[in-house]
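One structure is given below, encoded as structure tokens.
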Number of protein chains: 2
Amino acid sequence: MRVSSMRDVAAAVRGRRKDLGLSQAAVADRVGVSRAWINAVEAGKPSVEFDLVLRLLDQLDLRLDINKPGSLGDVYKGRGVDLDTVLDDYRAR
Amino acid sequence: MRVSSMRDVAAAVRGRRKDLGLSQAAVADRVGVSRAWINAVEAGKPSVEFDLVLRLLDQLDLRLDINKPGSLGDVYKGRGVDLDTVLDDYRAR
DNA sequence: GGTGCTTGTCGGCGCTCGATGACATAGTAG
DNA sequence: CTACTATGTCATCGAGCGCCGACAAGCACC
């Protein structure tokens, strides 16, 4: 999933936290920040410190990647890989 | 490229800026931050604000992605895609 | 030599982040 | 109904971010 603003991080964090069945307080405790901070992040607050976000994503088992657009591996990112489509393209050559 | 700390961002930013042939001052001007801030980022300063980093990456034409580890699209990240290998695996089924 | 550009670093200052604690509002279980 | 939990929000306050301006060092070129 492409990250173009904190709102994207907010969505990813909230979704992942729900999936893991954790409360904001539990996550805050693991990451070592206040519950209010977690709440702010999930609200999409833009001016949060980068290293805290990294620790949050780490605790939620979320990976952050950075790439140059147009690189090969980048093609599949954000929309998933449909192997059937790939193979159909291959057979159609 | 995996981002596990600001040092990774620093490396990506510096490399990309060099590739684009821009000075720290030029980048700072585009992003709308001070030159000292760009310098700090490229030095790996951890406590920088997230939205500024996003604007920086945007100006450098770098993409930031967030995913759950183990997702399908994630498999290929960081080591590229060798289509021949993929197709060989397919034929061998 | 001198000029120019780039980068690293510093002191100062204003401003805001994040912590804390408290409060109110749902929602749920008993 | 009463607890209890989770979440959103607020005021206060200390600490640290980012800006500005300046300075020095490095490097290239003439």
Side-chain angles (χ1 to χ4, degrees), chain A residues 1-69, chain B residues 1-71:
Chain A
M1 163 197 197
R2 169 93 183 249
V3 175
S4 52
S5 77
M6 265 302 293
R7 319 189 78 161
D8 300 324
V9 178
V13 165
R14 166 149 283 174
R16 185 72 176 144
R17 180 176 63 82
K18 293 289 188 186
D19 285 350
L20 296 176
L22 298 171
S23 69
Q24 293 182 349
V27 174
D29 200 48
R30 289 195 187 188
V31 180
V33 295
S34 66
R35 188 176 61 82
W37 187 84
I38 298 288
N39 197 305
V41 168
E42 292 192 2
K45 183 170 187 245
S47 51
V48 290
E49 298 190 7
F50 196 86
D51 60 335
L52 296 182
V53 175
L54 280 181
R55 275 163 47 192
L56 170 60
L57 297 181
D58 187 53
Q59 287 300 316
L60 291 179
D61 199 30
L62 285 172
R63 278 194 54 171
L64 202 62
D65 292 272
I66 183 172
N67 332 62
K68 305 190 247 294
Chain B
M1 162 196 199
R2 169 94 184 248
V3 176
S4 52
S5 76
M6 265 302 292
R7 317 190 77 161
D8 300 325
V9 177
V13 166
R14 165 149 283 174
R16 185 74 176 141
R17 181 175 63 81
K18 293 289 187 186
D19 285 351
L20 296 175
L22 298 170
S23 70
Q24 291 182 350
V27 174
D29 200 50
R30 288 195 188 188
V31 180
V33 296
S34 67
R35 187 177 61 82
W37 187 83
I38 298 287
N39 196 303
V41 168
E42 291 192 2
K45 184 175 189 240
S47 52
V48 290
E49 298 190 6
F50 196 86
D51 59 336
L52 296 182
V53 176
L54 280 181
R55 274 163 47 194
L56 170 60
L57 297 181
D58 188 52
Q59 287 300 317
L60 292 179
D61 198 32
L62 285 172
R63 278 193 55 172
L64 203 62
D65 291 272
I66 183 172
N67 340 56
K68 306 190 247 293
S71 67

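Just so we're on the same page: letters track the sequence lines, and every chain starts at 1. Values reported hereafter were calculated over all heavy atoms of this structure, with side chains retained and with hydrogens, waters and symmetry mates removed.
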Which residues pass the salt bridge (Lys or Arg N to Asp or Glu O under 4.0 Å) test with B:Glu42, sequence neighbours left out?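 By the salt bridge (Lys or Arg N to Asp or Glu O under 4.0 Å) rule, B:Glu42 matches B:Arg14, B:Arg17.
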Excluding sequence neighbours, so at least two apart, what forms side-chain contact (heavy atoms from CB on, under 4.5 Å) with B:Ile66?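 Listed in chain order: A:Met1, A:Val3, A:Ala12, A:Leu57, A:Leu62, A:Leu64.
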In chain order, what residues pass the side-chain contact (heavy atoms from CB on, under 4.5 Å) check against A:Ala43, with sequence neighbours excluded? none
Do any of residues 9-23 of chain B sit with a heavy atom less than 4.0 Å from DNA chain C, and if so which? B:Arg14, B:Arg17, B:Lys18, B:Ser23
side-chain contact (heavy atoms from CB on, under 4.5 Å) with A:Phe50: which of B:Asp51, B:Leu54, B:Val48? B:Val48
Heavy-atom side-chain contact between A:Pro69 and B:Asp61 under 4.5 Å: yes
Is the closest side-chain heavy-atom distance between B:Met6 and B:Lys45 below 4.5 Å?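 No, their side chains stay 4.5 Å or more apart.
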Nearest non-hydrogen partners of A:Gln24 and A:Asn39, listed with the distance: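 Where A:Gln24 meets A:Asn39 most closely, the heavy atoms are OE1-ND2, 3.3 Å.
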From CG of B:Asp29 across to P of D:dC20 the rounded distance in Å is 11 Å
Phosphate-side-chain proximity, A:Asn39 and D:dT7, N/O vs OP1/OP2 below 4.0 Å: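 So the side-chain polar atoms of A:Asn39 never come under 4.0 Å of the phosphate oxygens OP1 or OP2 of D:dT7.
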Counting just side-chain N and O atoms, does A:Gln24 come under 4.0 Å of either OP1 or OP2 of D:dG8? yes
Hey, does the side chain of A:Arg55 reach the backbone of A:Val31 with a donor-acceptor pair shorter than 3.5 angstrom? yes
Return the CZ to CG distance between A:Arg30 and A:Leu56, rounded to the nearest 0.5 Å. 11.5 Å
Can you tell me if B:Arg2 has over 12 outside heavy atoms packed within less than 6.0 Å of its CZ?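 Yes, enclosed.
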Sugar-phosphate means primed atoms, P, OP1 and OP2; the rest is base. With that split, encode nucleotides 18-27 of chain C 5' to 3' as B, S or - using protein heavy atoms under 4.0 Å. SSB-B-----
Please give the angle, rounded to 10 degrees, between the axes at the start and the end of the helix from C:dG1-D:dC30 to C:dG30-D:dC1, where five pairs define each axis.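 Both end axes considered, the difference amounts to 40°.
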